[in-house]
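Please read the structure below before turning to the comments.
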Amino acid sequence: MGKIQVMSRDLANRIAAGEVIERPASVVKELIENAIDAGAKRVFIQIERAGTRLIQVRDDGCGMSEEDALLSLQPHGTSKLKDISDLDNILTLGFRGEALPSIASVSRFTLKTREKEAALGTKISYAPDGSVSGEPDGSPAGTTVEVRDLFYNTPARKKFLKSPATEEHHIEEAVLTLALGHPETGFELRIDNRVAFILAADSSLEVRIRELFGKNFAANMLKIDHRENNLHITGFVGSPGFTRPSRKEQRIFINSRAVESPAVYRGIRDGFGTLAPESGRFPPAVICLDMDPSELDVNVHPAKREVRFRSEFTVTRAVAAAVGNALRGMALPVEKEDFSSLPLSGKIPLDNILDAAMVHYHAKNDVQPTLASSVFEESKPEEDDFADSPVPVVEPLPETSVQMLDKSNDSQDFPVLQLTDRDSTQAPYAPRMNIPETPVFGGDWPETVLGVYDNTYILCSGKEGLMLIDQHAAHERILFEQIVAAAEKGNVPAQKLLLPKTLELPRSQISYLLNHQELFSGLGFDIESAGGNTILINSVPASFSDCRTPEEIVPEMLSELLERSEIRHGTADLAAAARAACKAAVKAHEAKTLPELEKLLHDLRACRQGTLCPHGRPTMITLSRLELERRFGRR
């Protein structure tokens with residue numbers, strides 16, 4: 001007997017499901033795409049237990065006859081391709097006929113459907129042995145698919161699913177992406193009987209962006225409308241300075257299909273030119289390309305996430321031109337209305353009053369400035385505000401590539417590296433802090449701060465040679481250990497904000513934040529929903545009070561957590577604490593004064609493991625005296 005056998009249909013379907021159905025969100029995506037292809041104007045999605053108990057997708061599309069409904073569960077049964085020539089003209093989201101049989105093979109699957117002109121509908125059931133049966137049913141016009149007990153017969157796949165909150169986030173992200181690509185279709189998503197969002201049909205892309213991401217997000221986006229050859233590029237791109245820490249919010253749609261396209265990503269980057277953000281930052285974008293389907297191949301990825309262009313250079317150049325035109329057409333900022341021009345008898349608009357409101361804080365000699373330090377100020381006060389204060393004003397380090405630090409002290413001799421400063425008129429600095437003589441780390445430790453290179457690396461002298469400390473990695477380690485130490489004691493000190501901060505976030509981030517509120521509370525954040533896309537930040541970790549603003553920290557923390565999606569519930573999650581510390585830490589190229597740098601080294605030396613950041617990168621490196629002499633040809 002031969003060794004080669006033909007697989008059973010059930011086994012083949014389960015193998016195909018491994019490629020098409022990665023997680024519950026994949027099921028939601030495939031079913032919604034079928035609904036859109038059927039011409040649905042409204043799609044209702046209901047989820048229970050992160051999709052493992054129930055996924056129900058109901059639409060008001062064209063529906064199917066009993067014969068078509070039965071054939072739809074046969075492998076490669078499709079109404080979208082008739083012959084091989086149709087592969088060059090694919091305009092539908094689905095076309096392979098793999099999704100429904102793959103989903104049915106790993107779940108308890110039921111399909112109800114009725115054509116609009118038919119008097120009676122059809123109910124299709126899929127049995128565990130792969131048999132399909134149909135019976136009459138009083139279904140409403142359209143199609144309803146119920147997927148229960150997903151992966152019940154493939155426990156290995158179910159075991160590797162993430163936490164329920166993480167899987168729910170992926171489902172929300174899948175629905176959000178399809179809703180962005182099809183603003184003409186209405187969507188309603190319910191998760192465990194909680195309304196995630198309801199989106200009206202027949203809206204514009206701009207309205208949908210505002211509904212999903214908030215008014216502030218939409219206000220910072222520039223409109224794109226560009227034609228070149230057979231390409232029509234529309235959408236929105238973030239204005240200069242409005243960036244995100246990952247490319248995740250650069251959403252690309254080609255003929256209404258959501259894809260990942262390096263050619264389009266390059267076009268966005270090239271379009272910004274000299275206005276391009278710093279490394280590691282990306283402008284958000286929603287880019288829609290309408291093009292001849294014969295110019296691209298969508299059949300290159302099992303989940304249809306990637307496409308290939310006949311000419312990638314043409315697409316990249318067109319996207320760059322579209323983004324560049326949008327940037328050149330930026331509207332000038334509108335000047336705020338002058339109150340003096342308003343009539344005395346008139347009423348001043350509330351927006352004008354709130355926009356003009358300013359709060360100043362002044363530290364007094366006999367009062368500890370706790371309230372002032374509790375607020376993340378938008379701007380630093382002028383020097384004149386401290387005219388009566390005994391606290392000396394510390395000048396920032398000079399804007400040079402390698403900066404000279406003061407080395408004058410009558411009582412001590414400091415071994416310092418002689419560096420040449422471009423500005424010899426720099427004012428002297430305050431005396432240095434003494435670094436503890438007995439460090440936690442027993443190896444070579446920085447002894448004296450010599451200067452700073454590129455506002456990123458602190459230059460110090462050490463016993464073994466010249467030492468360079470990465471200020472971001474060092475501050476990251478300090479914050480991490482402060483958070484973890486407080487979490488281990490069960491009492492993370494929080495700093496109450498005098499004025500709560502309001503922040504608009506995308507719907508998916510709002511949902512994720514509320515689902516993991518215990519984690520943020522454990523870190524020292526007091527965050528509550530203010531309705532819609534808005535949250536209120538009432539307090540922050542005390543260790544963050546001198547760091548970046550909460551409006552910067554919270555969105556980047558959420559982006560990082562959503563990107564990795566492996567946090568657990570609890571207040572002492574070290575990985576989450578490390579990511580939180582990373583987002584709050586001082587950044588590269590951020591100028592710091594000498595006392596701040598020396599305090600950074602002082603706090604770093606007190607850490608349990610000051611030589612590594614929480615992610616395992618080194619905080620410092622040493623160029624030994626032997627290495628320096630070898631480089632200069634002395635050895």
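- Closest approach of Pro155 to Tyr152, counting heavy atoms only: CD-O, 4.5 Å.
- Side-chain contact between Met221 and Phe242 is present, with at least one heavy-atom pair separated by less than 4.5 Å.
- No side-chain heavy atom of Glu528 sits less than 4.5 Å from a side-chain heavy atom of Ile535.
- Here the side chains of Phe217 and Ile209 are in contact, with some heavy-atom distance below 4.5 Å.
- By the 4.0 Å N-to-carboxylate-O rule, Lys215 lies too far from Glu504 to be salt-bridged with it.
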message = Assess the residue pair Tyr265 and Gln250 against the criterion (side chain to side chain contact (heavy atoms under 4.5 Å, CB included)); give the C-alpha distance rounded to whole Å, side-chain angles, the decisive distance to 0.1 Å, and a yes or no.
response = CA-CA 8 Å; Tyr265 295 145; Gln250 291 185 351; 3.5 Å; yes

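- Partners of Arg247 under the salt bridge (Lys or Arg N to Asp or Glu O under 4.0 Å) rule, at least two apart in sequence or in another chain, do not exist in this structure.
- Looking only at side-chain heavy atoms (C-beta outward), His182 and Leu93 come within less than 4.5 Å of each other.
- Ionic pairing of Arg257 and Glu33 is not present here: no N-O contact between side-chain nitrogen and carboxylate oxygen is shorter than 4.0 angstrom.
- At least one side-chain heavy atom of Phe309 sits under 4.5 Å from a side-chain heavy atom of Met291.
- The closest side-chain heavy-atom distance from Tyr126 to Leu73 is below 4.5 Å.
- No side-chain N or O of His170 forms a donor-acceptor pair with one of Glu168 less than 3.5 Å apart.
- Nearest heavy atom pair, residue Pro164 against residue Ala50, reads O-CB, 3.6 Å.
- A ring pair (Phe, Tyr, Trp, His ring centres under 6.0 Å) check over residues 31-56, counting only residues at least two apart or in different chains, returns nothing.
- By the 4.0 Å N-to-carboxylate-O rule, Glu295 lies close enough to Arg310 to be salt-bridged with it.
- Screening Val145, Thr143, Ile124, Asp137 against Lys112 for a side-chain contact (heavy atoms from CB on, under 4.5 Å) leaves a single residue, Asp137.
- Side chains of Val147 and Leu54 form no contact here, defined as non-hydrogen atoms less than 4.5 Å apart.
- Arg281 and Thr243 share a donor-acceptor pair across their side chains, judged by distance under 3.5 Å alone.
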task = Test side chain to side chain contact (heavy atoms under 4.5 Å, CB included) on Lys123 and Thr110 and set out the steps.
result = CA-CA 7 Å; Lys123 177 181 178 181; Thr110 304; 3.7 Å; yes

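- Between Ile287 and the choices Ile268, Thr234, Ile254, the side-chain contact (heavy atoms from CB on, under 4.5 Å) rule is met once, by Ile268.
- For the residue pair Ser163 / Thr166, a side-chain donor-acceptor distance below 3.5 Å is found, with atom types taken as modelled.
- Counting only heavy atoms from C-beta outward, the side chains of Val264 and Thr316 never approach each other to under 4.5 Å.
- Between Lys29 and Glu22, none of the side-chain N atoms (NZ, or NE/NH1/NH2) sits under 4.0 Å from a carboxylate O, so this pair counts as no salt bridge.
- Here Lys41 does not pair with Asp59 in a salt bridge; the nearest charged N to carboxylate O distance is not below 4.0 Å.
- Looking at every heavy atom in both residues, Ser72 comes nearest to Leu111 through OG-CD1, 4.4 Å.
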